[in-house]
Amino acid sequence: MPDLTFYDLVYQVVRLIPKGRVTSYGAIANYLGTKGSSRMVGYAMQACGREQPPVPAHRVVNRQGLLTAKFHFGGDLMAEMLRSEGVAVKDDQVQDFKNVFWDPSVELAM
DNA sequence: CCCGTGACGACAT
DNA sequence: TATGTCGCCACGG
């Protein structure tokens, strides 16, 4: 039942994010072809909470590498999870962001 | 069918 | 450099 919505597309891409790497909403939106609708990506994540399998939304940050979603995870849970995967996080901001940045439009491109 | 919503991004000042 | 405003578009009610 290919009732796949824009959200499902986002989830697929997010689940492709390798451990220890992060990406931005804009990068995902760009990969999906809706670069102007980066908001839709974030909006999709809000509904990803009950998706199966769970979506590593904690690996998705904004363009600045800032853990904007941590507010939704509750506490510093997001930073802790990223840190657990080897991602350096400081003050809700990913250190060496460009170093751990994983761009689907590049990594999955061909 | 119309309106509001929203985990962002780029541009203007 | 920092802050403010607009645009983007899919989904739910």
Side-chain angles (χ1 to χ4, degrees):
Chain A
M1 51 337 214
D3 281 1
L4 298 178
T5 60
F6 187 85
Y7 291 18
D8 296 304
L9 247 8
V10 176
Y11 303 150
Q12 291 296 339
V13 178
V14 175
R15 285 191 283 231
L16 290 173
I17 302 174
K19 178 183 172 190
R21 294 281 191 267
V22 294
T23 190
S24 64
Y25 304 96
I28 297 170
N30 182 24
Y31 178 71
L32 296 176
T34 57
K35 57 183 177 185
S37 58
S38 50
R39 308 172 79 156
M40 311 304 52
V41 179
Y43 197 65
M45 307 255 82
Q46 184 185 36
C48 85
R50 53 187 175 169
E51 284 298 308
Q52 241 298 311
V55 180
H58 60 274
R59 293 180 185 160
V60 186
V61 297
N62 70 356
R63 194 64 179 98
Q64 304 171 67
L66 189 68
L67 280 58
T68 52
K70 86 141 203 161
F71 187 77
H72 296 266
F73 275 77
D76 297 302
L77 177 61
M78 185 175 181
E80 291 291 300
M81 290 197 293
L82 285 173
R83 217 173 266 171
S84 182
E85 297 191 342
V87 179
V89 181
K90 173 124 189 178
D91 190 37
D92 301 332
Q93 187 176 281
V94 177
Q95 304 302 290
D96 298 307
F97 177 56
K98 63 178 183 175
N99 187 39
V100 297
F101 182 61
W102 182 83
D103 190 337
S105 65
V106 174
E107 303 297 329
L108 303 179
M110 34 177 189

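Here the structure is a predicted model, which is why all the values come from computation and not from measurement.
- In this structure, D103(A) atom CG and dG9(B) atom C1' are separated by 15 Å, rounded to whole Å.
- In this structure, L32(A) atom CG and dG9(B) atom P are separated by 14 Å, rounded to whole Å.
- With S38(A) contributing its side chain and Y25(A) its backbone, the two residues share no donor-acceptor pair below 3.5 Å.
- Annotation for F97(A) and V61(A): closest pair CE1-CG2, 3.5 Å, computed over non-hydrogen atoms.
- Listed candidates were dC11(C), dG9(B), dA7(B). Nearest to the side chain of F6(A) is dC11(C).
- Of the possible polar contacts, one joining the R59(A) side chain to the I17(A) backbone as a donor-acceptor pair under 3.5 Å is found.
- Taking only side-chain nitrogens and oxygens, S37(A) never comes nearer than 4.0 Å to OP1 or OP2 of dA10(C).
- Among the nucleotides dA10(C), dG9(B), dC8(C), the one closest to the side chain of R39(A) is dC8(C).
- Distance OH (Y25(A)) to C1' (dC9(C)): 17 Å, rounded to an integer number of Å.
- When the C1' atom of dT5(B) is taken as reference, atom OH of Y43(A) falls 5 Å away, rounded to whole Å.
- For the pair V60(A) and S24(A), the tightest heavy-atom approach, listed with the atom from each and the gap, is CG1-C, 4.3 Å.
- Heavy-atom distances under 4.0 Å link DNA chain C to no residue of residues 51-83 of chain A.
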Distance-only criterion, 3.5 Å: show the donor-acceptor pairs between side-chain atoms of residues 86-95 of chain A and protein atoms not counting sequence neighbours.
unit_1: Q95(A); atom_1: NE2; unit_2: Q93(A); atom_2: O; d: 3.0

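- Listed for the Y11(A) side chain is no donor-acceptor partner under 3.5 Å among the backbone atoms of Q52(A).
- Between the CD1 atom of I28(A) and the P atom of dA10(C) there is a distance of 16 Å, given to the nearest Å.
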